[in-house]
Every structure is written in C-alpha cells, then in structure tokens.
Amino acid sequence: MHTNFPKHRLLFLLLVCCTSCKKLLQVDPSGEVVTGQIVFSNDSSARAAVTGLYIKMMSNPAFLFNGGMSIFTSRSSDEITSASMSRDEQQFANNNLTPDNEIISSNFWMHSYAVIYAANSCLENLANSSSVSVSRRKQLMGEARFIRAFSYYYLAQLFGEVPLLTTTRLEDNIKPRRAPVTAIYQLVREDLKQAYTDLPLEGPNTIPNKLATAAMLARLHCSLQDWQQAETFASAVIDLGQHVPTTDLVNAFLRGSPETILQFAPVGSHNSTAEGLRFLPVNYNYPPAYMLTDSLMAAFETGDRRRTAWTGSISYNDRLFYFPFKYKTKTSVSAPTEFNIVFRLPELYLLRAEARLQQGKFSGAAEDINVIRARAGLNPVTTSLSRSELLSVCENEFRVELFTEW
C-alpha cells in the first residue's frame with residue numbers, strides 16, 4: 001500500500017543521485033525516434049516518431065520500463081531472491097545501493113532520461129508543426145505527455161530529487177540541477193491532466209488513452225496521499241465498465257485479457273515480455289534464476305487461486321523452488337501472445353479501497369477488496385473489522401495480487 005507497503009513506497013528515496021549530471025550530455029535522440037520538422041511534416045510520419053518512444057522504452061529486457069521495475073525492485077521488497085552473484089543485483093537484495101551501481105546508472109537513470117529527451121523532442125516538434133492535423137497533434141502530444149509523466153513519476157519514486165528537464169535546449173541539459181520532489185510531481189500532475197483531456201476514450205490498449213491516464217492519476221494521487229482524487233480517478237476507470245476483472249486467472253496476462261488497461265508490445269526478437277524471459281526457467285531440471293521468497297509464498301491464504309495460477313515450482317535436491325508464473329512465455333518464434341502489462345483493473349480496485357479506507361469509507365473499501373478476493377476464491381471481509389485490520393487486509397491483497405509487477 002502507499003502508506004507503508006514497500007512495493008509502492010520503494011526503498012530508493014534515500015539513495016544519493018547515482019550518476020553525475022554530466023552524463024545527461026550523453027542522452028541523444030536515438031535512431032529509433034526520428035526528430036526534426038521534416039519528420040513531423042504529416043500525420044503518418046508524426047505517428048511513426050511518437051511510436052519510436054515505445055520502441056525506446058521496450059528496447060532492452062532489463063530497462064526500467066521493460067522489466068527493470070519488476071525484476072530489481074522485487075528483490076528490494078523481498079518478493080524474489082536469486083542465486084546470481086552479480087554485485088550490482090545483490091545490492092538491490094541487500095538494500096545497499098551505491099552510486100556506481102551499473103543497473104541504476106544504465107538501466108534506470110540513463111534510460112529514463114533518454115525517453116524523457118525523446119518525449120520532449122516530440123512535444124516541441126508537434127507544437128511547432130503546422131503540417132500535422134489538429135486531431136492527430138492532440139492525440140500524439142497526449143501520448144508524449146503521458147510518457148514524460150510516467151518517466152518522471154518513477155524517477156521521483158526511486159530517487160527523490162532529480163533534474164527536471166522539459167526542453168531539448170543544450171543549455172538546459174548541460175548542467176541540470178535537481179528539482180524539489182514537489183516540482184517533479186507538479187509536472188507529472190500537469191502532464192497527466194492535459195493528457196486526460198486530450199486522449200480519446202477508445203482505442204487500442206497498447207498506447208495510453210483516457211482510461212490509462214486516469215489509472216496513472218489514481219496511482220499518482222495515492223502516492224501523494226490525496227485520497228479523494230485517487231478515489232475519483234480510480235472510479236473513472238472502474239465505473240465505466242470497459243474493463244472487468246477476469247475470472248480466468250491462468251490467462252490473466254494474455255494480450256486479450258479483459259482486465260488489461262495498458263500494455264506495451266515487446267520489440268525484441270524473443271517475442272515475449274521481459275518478465276517471462278527473466279522469470280521463467282530455462283528448463284525444469286535446475287532451480288529457477290529467480291525464486292519467490294518464503295515470506296511472499298506465506299502471504300497467500302489457503303485456497304487462494306492466484307497462488308496456483310501465478311506461481312510455478314521446481315523440485316531440486318528434495319527442495320521445492322517457487323518462481324513467478326504470471327507470464328507463461330519465455331521466448332517464442334511466433335507473434336507474441338503476452339505484452340508487458342502496465343495497468344490491470346484489480347490495481348484500481350485496490351487503490352480505491354486504500355483511498356476509501358483513508359477517508360473512513362469502510363463499507364465501500366470492503367466492497368472493493370471483496371471484488372478481488374472473490375475472483376481469488378477467498379471469503380469476503382466485513383466492515384466489522386477495525387480500520388487497522390482492513391488496512392492490513394488491503395496491504396496483503398496488494399502484495400499477493402501485484403507481486404513482481406512494477
């Protein structure tokens with residue numbers, strides 16, 4: 001939970017900014033994101049340029065936006081363990097990150113600012129282009145704002161104060177200073193609210209739309225403990241009924257799942273998610289590379305269908321090892337059947353439950369929690385529980401529903 005649950009209140013906020021700001025000079029527009037007025041000369045080329053943002057985000061199966069948050073922060077929050085002797089990865093497990101950690105430097109920090117630079121470039125060029133139609137410009141600027149806000153949200157969650165860059169001007173990018181966290185969240189809020197206005201309600205869930213933006217706003221306002229706004233935006237997604245919690249838990253992470261609000265398509269040759277590639281074992285004769293912790297497995301109540309559907313096991317030397325099994329495909333030669341899921345509807349029920357609990361709306365909170373418990377085959381909770389007991393149930397539902405996700 002956002003009040004005290006380590007999955008959502010990540011453990012990086014005390015980490016000193018781990019790379020010198022001069023490294024931002026190395027952030028250039030990649031060949032995947034074509035910039036310049038000549039590229040924004042019509043609707044089709046502008047669409048291709050913004051599509052490059054998603055390619056950049058998904059270009060490596062350990063980058064922040066493509067598995068990095070699921071893999072490395074799950075080690076810090078005691079959801080998974082690994083036999084890996086990688087010094088940098090062990091630092092996540094020990095909650096003892098140092099400024100020279102290459103995962104933080106390359107996979108998190110540099111990658112995030114490369115995406116932000118590309119988003120800024122798209123916003124500038126779209127704003128200055130008279131050749132892109134008004135409707136297409138509005139849509140694409142909404143997507144770019146969403147991606148910039150998404151990037152800065154996680155930078156603030158991970159590092160606290162970070163450089164706040166909103167242009168591609170060289171003089172602004174050479175020696176940027178860290179901005180207060182309040183300023184970063186202000187930009188995130190402004191970008192998301194504008195995107196919420198500009199983006200359509202309908203459309204494929206592989207790019208941000210109005211519902212994905214509302215989900216992000218619910219996540220943001222829970223982090224800021226603005227409970228009323230968190231409830232409002234979570235309700236905007238839930239009450240519309242466009243997405244529903246699936247009862248088919250085994251297939252909940254397939255690309256056609258009715259509860260998926262936003263997902264990003266794989267771009268690598270393996271045709272699978274980063275989580276599937278990293279979490280699923282190469283074969284079943286040896287322990288998996290990443291194992292679910294005993295404390296995580298103990299968090300499942302007896303009869304919880306999520307434990308059966310979303311965890312796998314390997315027996316080795318008379319010991320049972322459990323691994324994350326939400327995604328079922330490690331690699332594939334055919335078209336991917338699983339995309340990297342960013343938002344699922346159950347998270348919105350739990351965010352709204354938390355927001356309602358914090359406002360003293362115990363009956364509504366219990367109803368939201370019970371939607372998630374019912375699909376898991378668990379008995380409902382009642383409002384006879386105390387506030388602290390309901391908070392504890394909600395916290396555990398966050399853990400067993402969203403383990404190893406972001």
Note to self: If I take atom OG1 from residue Thr273 and atom CZ from residue Arg255, how far apart are they, to the nearest 0.5 angstrom?
What the structure shows: 13.0 Å
Note to self: Under the criterion ring-ring contact (aromatic ring centres under 6.0 Å, His included), I'd like the reasoning laid out for Tyr113 against Tyr117: C-alpha separation, chi angles, the key distance, then a yes or no.
What the structure shows: CA-CA 6 Å; Tyr113 276 102; Tyr117 185 97; over 10 Å; no
Next item on the list: Look only at the side chain of Ser59 and the backbone of Lys56, and say whether a donor-acceptor pair between them is shorter than 3.5 Å.
Entry: yes
Notebook entry, point to check: Which residues satisfy the side chain to side chain donor-acceptor pair (under 3.5 Å) test with Glu301, sequence neighbours excluded?
Noted result: Arg373
Next item on the list: State, with a plain yes or no, whether a side-chain heavy atom of Asn101 is found less than 4.5 Å away from one of Phe92.
Entry: yes
Margin query: Looking at Glu275 and Lys326, is any side-chain nitrogen of the basic one under 4.0 Å from a carboxylate oxygen of the acidic one?
Written below: no
Next item on the list: Apply side chain to side chain donor-acceptor pair (under 3.5 Å) to Ser313 and list each qualifying residue two or more places apart in sequence or on a separate chain.
Entry: none
Note to self: Test of understanding: with side chain to side chain contact (heavy atoms under 4.5 Å, CB included), list the residues that count as partners of Asn94, not counting sequence neighbours.
What the structure shows: Gln90, Asn96
Notebook entry, point to check: Between Gln91 and Thr98, is there a donor-acceptor pair closer than 3.5 Å when you use the side chain of the first and the backbone of the second?
Noted result: yes
Margin query: List the residues meeting side chain to side chain donor-acceptor pair (under 3.5 Å) with Tyr185, not counting sequence neighbours, and say none if there are none.
Written below: Gln157
Next item on the list: Could you tell me if the ring centre of Phe159 sits under 6.0 Å from that of Phe108?
Entry: no
Check: Can you name the side chain to side chain donor-acceptor pair (under 3.5 Å) partners of Asn120, sequence neighbours left out?
Finding: Arg148
Checklist line | Check: Val132 main-chain N/O paired with Arg137 side-chain donor or acceptor under 3.5 Å | finding: yes
Next item on the list: Look at the side chain of Asp78 and the backbone N and O of Leu296, then say whether any donor-acceptor pair between them is shorter than 3.5 Å.
Entry: no
Checklist line | Pairs flagged by ring pair (Phe, Tyr, Trp, His ring centres under 6.0 Å) wherever residues 333-359 is involved - sequence neighbours left out | finding: none
Check: Within the distance-only criterion (no hydrogens, no angle test), does the side chain of Ser151 pair as donor or acceptor with the backbone N or O of Ser112 below 3.5 angstrom?
Finding: no
Item checked: More than 12 heavy atoms of other groups within 6.0 Å of Tyr286 OH -> no
Check: Has the side chain of Asn317 got a donor or acceptor atom that lies under 3.5 Å from a matching backbone atom of Arg319?
Finding: no
Check: Do Asn128 and Glu124 have a side chain donor and acceptor closer than 3.5 Å?
Finding: no
Item checked: Check: Phe253 main-chain N/O paired with Ser257 side-chain donor or acceptor under 3.5 Å -> no
Next item on the list: Give a yes or no on whether the backbone of Ile80 and the side-chain of Thr293 come within a donor-acceptor separation of less than 3.5 Å.
Entry: no
Item checked: salt bridge (charged side-chain N to carboxylate O under 4.0 Å, His left out) partners of Arg387, counting only residues at least two apart -> none
Check: Can you name the side chain to side chain contact (heavy atoms under 4.5 Å, CB included) partners of Met58, sequence neighbours left out?
Finding: Asn66, Phe264, Val267, Asn340
Next item on the list: Using the test side chain to side chain contact (heavy atoms under 4.5 Å, CB included), find all partners of Ser86 that sit at least two apart in sequence or belong to another chain.
Entry: Ser84, Asp88, Glu89
Checklist line | Thr404 side-chain N/O to Pro324 backbone N/O, donor-acceptor pair under 3.5 Å | finding: no
Checklist line | Test log, rule ring-ring contact (aromatic ring centres under 6.0 Å, His included), inputs Phe150 and Trp406 | finding: CA-CA 12 Å; Phe150 191 70; Trp406 290 91; 5.4 Å; yes
Checklist line | Reported SG-to-CD distance for the pair Cys394 and Glu401, which is rounded to 0.5 angstrom | finding: 11.5 Å
Check: Checking Glu143 side chain against Ile207 main chain: does a donor-acceptor pair fall under 3.5 Å?
Finding: no
Item checked: Ion pair check, Arg87 and Asp100, cut-off under 4.0 Å -> yes
Check: Taking the inter-plane angle between the rings of Tyr154 and Phe65 on a 0 to 90° scale, is it parallel (under 30°), tilted (30 to 60°) or perpendicular (over 60°)?
Finding: perpendicular
Next item on the list: Only pairs at least two apart or in different chains count here, so list each side-chain hydrogen bond (donor to acceptor under 3.5 Å, both in side chains) that has a residue in residues 231-248.
Entry: Glu231-Arg356, Glu231-Gln359, Glu231-Lys361, Ser235-Arg352, Asp239-Arg352, Asp248-Asn251
Margin query: Once side-chain hydrogen bond (donor to acceptor under 3.5 Å, both in side chains) is applied, what residue pairs with a partner in residues 199-212 remain, sequence neighbours excluded?
Written below: Asn205-Gln263
Item checked: Contacts of Tyr196 that satisfy ring pair (Phe, Tyr, Trp, His ring centres under 6.0 Å) - sequence neighbours left out -> Phe233
Next item on the list: Kindly compute the distance separating OH (Tyr290) from CZ (Arg75), expressed to the nearest 0.5 Å.
Entry: 7.0 Å
